[in-house]
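In what follows, every heavy atom counts, from backbone to side chain, and hydrogens, waters and symmetry copies are set aside.
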Amino acid sequence: MLILKGGRIVTLGEDCKVIEDGGLVINGETIAAVGKSGDILAKYGNKEGVTVKDLGGRLVMPGFLNAHMHLYSSFARGMSIAGPSPKTFTEILERLWWSMDKDLMTEEELYYSALVGAIESLKSGTTAIIDHHASFGMIEGSLDVLEKALKDVGIKGSLCFEVSDRWGPKARDASIEENVRFIKKNANDPFVRAMFGLHASFTLEDETIRRCVGEAKDLNAAFHFHLAEGLADVTDARERGYKGVVDRLYDLGVLIPGSLAIHGVHIGEPEVELLAKCGVNVVHNPESNMNNAVGVPNVVGMIAKGVNVGLGTDGYTPSMLESAKVAYIIHKHERRDPTVGWTETAKMLFESNAAIFSAHFGKPMGVIKEGAAADLVVLDYYPPTPITPQNLLGHLIFGIRDSAVNTVIVGGSEVVKDHVLVSMDEESVMAKAKKVAESYWKKRS
């Protein structure tokens, strides 16, 4: 049993409180009690086997949750694309990402690219991620490699393999089987869960989608797919005879409750209403959308229509703080309206992501309360102005940086302590990753 005392605890959740000189009890992987330090110590401090840690007035929050990540993108950092710069989003996909994932073909490449993303996620305060994987050079067993990386580092995650028809029937079939196998294997794993991955509508044939829907139904699994990130998705659906991409996926049975539709940049109001009706979550990735110049999704309108909109990073960054900062300002800029951004960003970061992860993992996450997952971030932040549940986002946006992450606790275990990764030597991992990446880059040159 671990007792944390002397912290400034922000509980989040429906009954969010800021507890000055707060304390909490961690029993195994679960939060057992929360309250004032004195009360916590009086009740639990003399029990056998208790360890007490003084937080020295630091800020304590639930760990950040990343609702869409691409761990394999780690090896793209600094990598150049031969020839002229891509002019469209489709060219970016074809010449960078699709080329890259086809060349990922060894366990070592998958393992170290995942380790880098997992470590950097933890050190920026993220305690769980939902990853969308592609390595068409190694499909079978690829998710096991990612699972090992996550568990070795100490971060929770949900994994899937993106099914696509772009590399032919053999790769398609193997991708479907990898999803099926991993979902069956990890159905009840408390640390690493699974979803059924699809790439995007425009790279999938109707028959492939129907097959995936049948498999997912038998497994009671939700989908994780890209939705209308670029206009190619919309154009393709219409050319196939559908009103649009959302209508196509609805007609084919993909839009089931709990699924994650990533981006949703190019969808209209009727499509938003259909997503809300179906109970499909949309995940906003503002930095990635800006980098790929695909546009700004109508997040404000989606939330107003009742869509649960979460927040992710799309592999652009491991930092949810960074993503939240950009989400906060991009909609103000796009709409030329300074009144938007605050409510929507707070809802995505604190409420919607918590709802997505809690439902998927089957345990309260993104909140500090009795019975919730013991996934926490302790920040070297001593607010120079009052901090309240109402102004917490202002402190995160304007006052807190990733460098403030002092301690990260996942499943009741300290995985980052005094800014240092506990599970392995970070410097050695990065040195090894560099060698693996160099070999991988040579293969692509």
Does either side chain, that of [X] or that of [Y], offer a donor lying less than 3.5 Å from an acceptor on the other one?
X      : Y      : value
Thr127 : Asp375 : no
His284 : His331 : yes
Asp131 : His70  : no
Asp425 : Ser428 : yes
Arg335 : Asn298 : yes
His133 : Tyr72  : no
Ser403 : Arg401 : no
Ser113 : Ser74  : no
Asp101 : Ser135 : no

So, [X] and [Y], do they make that salt bridge, N to O below 4.0 Å?
X      : Y      : value
Glu438 : Lys442 : no
Arg77  : Glu120 : yes
Arg238 : Asp236 : no
Arg240 : Asp247 : no
Lys123 : Glu426 : yes
Glu177 : Arg172 : no
Glu147 : Lys151 : yes
Asp206 : Arg248 : yes

Would you call [X] and [Y] a side-chain contact if the rule is heavy atoms closer than 4.5 Å?
X      : Y      : result
Met195 : His132 : no
Pro286 : Tyr316 : no
Glu215 : Ile176 : yes
Glu414 : Thr407 : yes
Leu421 : Leu122 : yes
Leu249 : Ile209 : yes
Ile119 : Met430 : yes

Does [X] reach the main-chain N or O of [Y] with its side chain, forming a donor-acceptor pair under 3.5 Å?
X      : Y      : value
Ser142 : Ile139 : yes
Asn285 : Val283 : yes
Asp165 : Glu205 : yes
Asn179 : Phe161 : yes
Ser121 : Gly117 : yes
Ser352 : Gly310 : no
Thr30  : Gly371 : no
Arg210 : Gly253 : no
Thr317 : Ser319 : yes
Thr126 : Ala128 : no

Report the relative orientation of the aromatic rings in Phe75 and Tyr440; use parallel for angles under 30°, tilted for 30 to 60°, perpendicular for over 60°. tilted
Looking at [X], I'd like to know if its [atom1] atom is crowded, meaning that more than 12 non-hydrogen atoms belonging to other residues, nucleotides or ligands lie closer than 6.0 Å.
X      : atom1 : result
Glu91  : CD    : yes
Lys369 : NZ    : no
Lys217 : NZ    : no
Lys184 : NZ    : no
His333 : NE2   : no
Met105 : CE    : yes
Lys435 : NZ    : no
Glu14  : CD    : no

Proximity of Tyr381 and His395 rings by center, below 6.0 Å: yes
Looking at Val234, Leu231, Asp233, which hits side chain to side chain contact (heavy atoms under 4.5 Å, CB included) with Phe202?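 It is Asp233; the other options fail the test.
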Shortest non-hydrogen contact between [X] and [Y], atoms and distance:
X      : Y      : result
Ala118 : Leu71  : N-CD2, 3.8 Å
Ser323 : Gly312 : OG-O, 2.8 Å
Val245 : Ala228 : CG1-CB, 3.8 Å

Using the side-chain hydrogen bond (donor to acceptor under 3.5 Å, both in side chains) rule, take His224 and His68 through it: C-alpha gap first, then chi angles, then the decisive distance, then the call. CA-CA 9 Å; His224 185 178; His68 181 67; 2.8 Å; yes
Looking at Phe350, does the NZ or CZ of Lys347 lie under 6.0 angstrom from its six-membered ring centre and within 45 degrees of the ring axis?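 No; the conditions do not both hold, so Lys347 does not lie above the ring face of Phe350.
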Before giving the answer on side-chain hydrogen bond (donor to acceptor under 3.5 Å, both in side chains), spell out for Asp314 and Ser288 the whole-Å C-alpha distance, their side-chain angles and the decisive distance to 0.1 Å. CA-CA 6 Å; Asp314 200 28; Ser288 173; 2.5 Å; yes
